[in-house]
**Student:** 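Next up is a structure, given as structure tokens.
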There are 2 protein chains.
Amino acid sequence: MPETNLRSATRYGTRPTMKDVAARAGVGLKTVSRVVNGEPGVTPETERRVQESIDALGFRRNDSARVLRKGRTASIGLVLEDLADPFYGPLSRSVEEVARAHGALLINGSSAEDPDREQELVLALCARRVDGLVVIPAGDDHRYLEPELRAGVATVFVDRPAGHIDADVVLSDNFGGARGGVAHLIAHGHRRIGFIGDMPRIHTAAERLRGYRAAMEDADIPVADSWMSLGVTDPERVRRAAEEMLSGPDPVTAIFAANNRVTVTVIRVLAEQTRRVALVGFDDIELADLLQPGVTVVAQDAAAIGRTAAERLFRQLDGTLVTPERIELPTRLITRGSGELPPAD
Amino acid sequence: MPETNLRSATRYGTRPTMKDVAARAGVGLKTVSRVVNGEPGVTPETERRVQESIDALGFRRNDSARVLRKGRTASIGLVLEDLADPFYGPLSRSVEEVARAHGALLINGSSAEDPDREQELVLALCARRVDGLVVIPAGDDHRYLEPELRAGVATVFVDRPAGHIDADVVLSDNFGGARGGVAHLIAHGHRRIGFIGDMPRIHTAAERLRGYRAAMEDADIPVADSWMSLGVTDPERVRRAAEEMLSGPDPVTAIFAANNRVTVTVIRVLAEQTRRVALVGFDDIELADLLQPGVTVVAQDAAAIGRTAAERLFRQLDGTLVTPERIELPTRLITRGSGELPPAD
DNA sequence: CCCGAGCCTGACAACGTTGTCCAGGCTCTA
DNA sequence: TAGAGCCTGGACAACGTTGTCAGGCTCGGG
């Protein structure tokens, strides 16, 4: 009874299946499958009839069933910290582009820097049977991923290494970048240089701090505790931290801001100062060149990081890649003025 | 033979199923299902045995199979133009937050402003049987969505209305915002005001242009063709357009930049001018307050737009919502200096 | 005229889960 | 002590698709 099928197909909330299409076209179920998937072995005339039914019923293949049968979902998951952060936009975009080139869709979620939420998200993605995962870790223990890795879920960590498991990592040379940025300030005559960064439990923050210390040590400059502020990111506390190191008994003449959010706040604080204080920031920020002075930064290439990670992911899926590796991408110092100001005591 | 099950379960690329877990725990398949889903009717002792098997095998429920059986995927799709655009980051984030609150995951894709790609993406998402779609349309004909809507896929369009179908839309008051922004310039004494915007086939661009014209007409100012530049967005052409309207025979004393990308380029051009030219931009940009002068903008609330759209989506899914509606969110004029400069002839 | 080859086509099982339904064992009461 | 009712657990079908395999048809050659 084709009429019944038609009615059930157009009833709200019900979708036509291949069975419905087959019934309407008066062919077998498998023939419809062949047409839908462009498999050979169907007469043009039969194909036409099937296609007509498909269009008439508005049939759309159910990929859930397909996945169940085939095993691959053609989708990959991206877990990052916050989509609204300007660093992750381009990263996410470049991951998506690579995914698209491989015919895969991108599912993404934000961990909000919360390890539990990261795990919850990752496992939800695994339950959907994503073929691969790109993870910007919030937590530092990823042993919960072991069964997934064994099951063949391709995984690449980004921006920070995985904890307690052996997996691919793609990140910036945070240590080298920070060291270079601070050395740049030292080269312009600064000795009292402040550092404002995130909690050292975050890998990037720790590495950048290490770079700062290394650069100071290279120049034989002992670091005063009052020059360092760790674990502050919210604008209010960054502001206080900056003001303190500028007004203390041993005031800094330059500040190294260890990420883009910190940099932005520090710029605001410095704009209010009468004294000219030098600034180098980690991460580029938009319009940095239009400010007075332009903001000198150590820039990461977010798009390149995303692209590299995604490409490795698909090479894992190809089977081209077996041994986990750690890939460090170089950073680039962009001088625009704020980092070249001389010390003003 | 539990040993066989165990081996097959840990073989690379194969995952344990509920059957494997059941065999290992010595219970029935359905009992495992009950434990996994927290259904009642399982003795604590049995539950413990099952849980132990789950942990030992690293079992993870296969949501594809679940979806196939239940019909709902607990995921929604978001199709936007470009994730890297600062306007879409917060929007995407707020959509994700609402989705999360409803226990759904977010799948997103970028259309790159290409109608074919938009359709391809949307249909791919429908094939995955997402429960709902949030679409920032690139094309202007969405009749291809009719079968999906009939099938009960909740759909909300954002930023621009759908073409040729009746669906929910959430957008900013582009017309009113632009009109207000231009009126603000007029109120500060400007009469020769330039307009640089996107192709009028894009709804937002057309509306903002209409707002510009309306404000000019309200003030009885005839608009010269040379003051308007439509359909340019790439920096090079925006730059040329701006320079032309600043140097022509009838040079403008103020510019209304109809979106954030245009605004940024115009700022660069104006910074090179000796003459002080007023500027109002549509869309806020980061650090706008730190520039000299601060940039006056007509700001949209991207997060509110995303939240509103996603909430409507889930209300559609609840059944609370039936009739499609058009929701316009107000914009906000933020004065920072550039829009308050007097005309300099 | 018959037979084999080759091409279309369709019946059927399987993917892993959940909903339905029933069986068996237990407790409690008359 | 027997019957009723409850609680736990399991067998089975179904979701919509794809892979396997076999059957029927046509065509050409012997």
**Student:** Any residue in residues 34-47 of chain B with a heavy atom nearer than 4.0 angstrom to DNA chain C? Just list them by number, or reply none.
**Tutor:**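 Contacts with DNA chain C under 4.0 Å: Asn37(B), Glu39(B).
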**Student:** Between which nucleotides of DNA chain C, 5' to 3', does chain A make heavy-atom contacts below 4.0 Å?
**Tutor:**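 First-to-last contact on DNA chain C, by the 4.0 Å heavy-atom rule, is dC8(C) to dG16(C).
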**Student:** For Glu52(B), is there an ion pair with Arg24(B) - N to carboxylate O distance below 4.0 angstrom?
**Tutor:**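 Between Glu52(B) and Arg24(B) there is a salt bridge, with a charged N closer than 4.0 Å to a carboxylate O.
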**Student:** Scan Lys70(B) against the nucleic acid and name what it touches under 4.0 Å (heavy atoms): base, sugar-phosphate only, or nothing.
**Tutor:**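 Lys70(B): backbone/sugar contact only, no base atoms under 4.0 Å.
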**Student:** Parallel, tilted or perpendicular for Phe314(B) and His102(B), by the 30°/60° rule?
**Tutor:**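 Because their plane-to-plane angle is under 30°, the rings of Phe314(B) and His102(B) count as parallel.
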**Student:** Which pair of non-hydrogen atoms, one from Thr46(B) and one from Val27(B), has the smallest distance, and what is that distance?
**Tutor:**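 Shortest heavy-atom separation between Thr46(B) and Val27(B) comes out as CG2-CG1, 3.9 Å.
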**Student:** Taking for each residue the nucleotide of DNA chain D bearing the nearest heavy atom, is the 5' side occupied by Gly26(B) or by Arg129(B)?
**Tutor:**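 It is Gly26(B), whose closest nucleotide lies nearer the 5' terminus.
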**Student:** Look at Arg48(A) together with Glu45(A) and state whether they make a salt bridge at an N to O cut-off of under 4.0 Å.
**Tutor:**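 Yes, charged N to carboxylate O under 4.0 Å.
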**Student:** Output the rounded distance in Å from CE (Met18(A)) to P (dG19(D)).
**Tutor:**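 The distance from CE of Met18(A) to P of dG19(D) comes to 11 Å, rounded to the nearest Å.
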**Student:** Are Arg201(A) and Asp140(A) close enough for a salt bridge, meaning some N to O gap below 4.0 Å?
**Tutor:**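 Looking at Arg201(A) and Asp140(A), the cut-off is not met.
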**Student:** Between the side chains of Glu81(A) and Arg117(A), is the shortest nitrogen-to-carboxylate-oxygen separation below 4.0 Å, so that they form an ion pair?
**Tutor:**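 No, this pair does not count.
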**Student:** Is Glu148(A) paired with Arg60(B) through a side-chain N to carboxylate O contact shorter than 4.0 Å?
**Tutor:**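 A salt bridge links Arg60(B) with Glu148(A).
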**Student:** Any ion pair linking Arg93(A) and Asp82(B) (charged N to carboxylate O, less than 4.0 Å)?
**Tutor:**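 Salt bridge present between Asp82(B) and Arg93(A).
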**Student:** At what angle, to 10 degrees, do the two end axes of the helix from dC1(C)-dG30(D) to dA30(C)-dT1(D) meet, given five pairs define each axis?
**Tutor:**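 Answer for the end axes of this duplex: 60°.
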**Student:** Walk me through it: do Glu96(A) and Ser110(B) pass the test side-chain hydrogen bond (donor to acceptor under 3.5 Å, both in side chains)?
**Tutor:** CA-CA 8 Å; Glu96(A) 192 206 333; Ser110(B) 305; 2.7 Å; yes
**Student:** Considering only NZ, NE, NH1 and NH2 on the basic side and carboxylate oxygens on the acidic side, decide whether Arg312(B) and Glu325(B) come within less than 4.0 Å.
**Tutor:**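 Judged by the 4.0 Å cut-off on N to carboxylate O distance, Arg312(B) and Glu325(B) do form a salt bridge.
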**Student:** Base, sugar-phosphate, or nothing: which does Val67(B) touch, judged by heavy atoms less than 4.0 Å apart?
**Tutor:**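 It contacts nothing in the nucleic acid.
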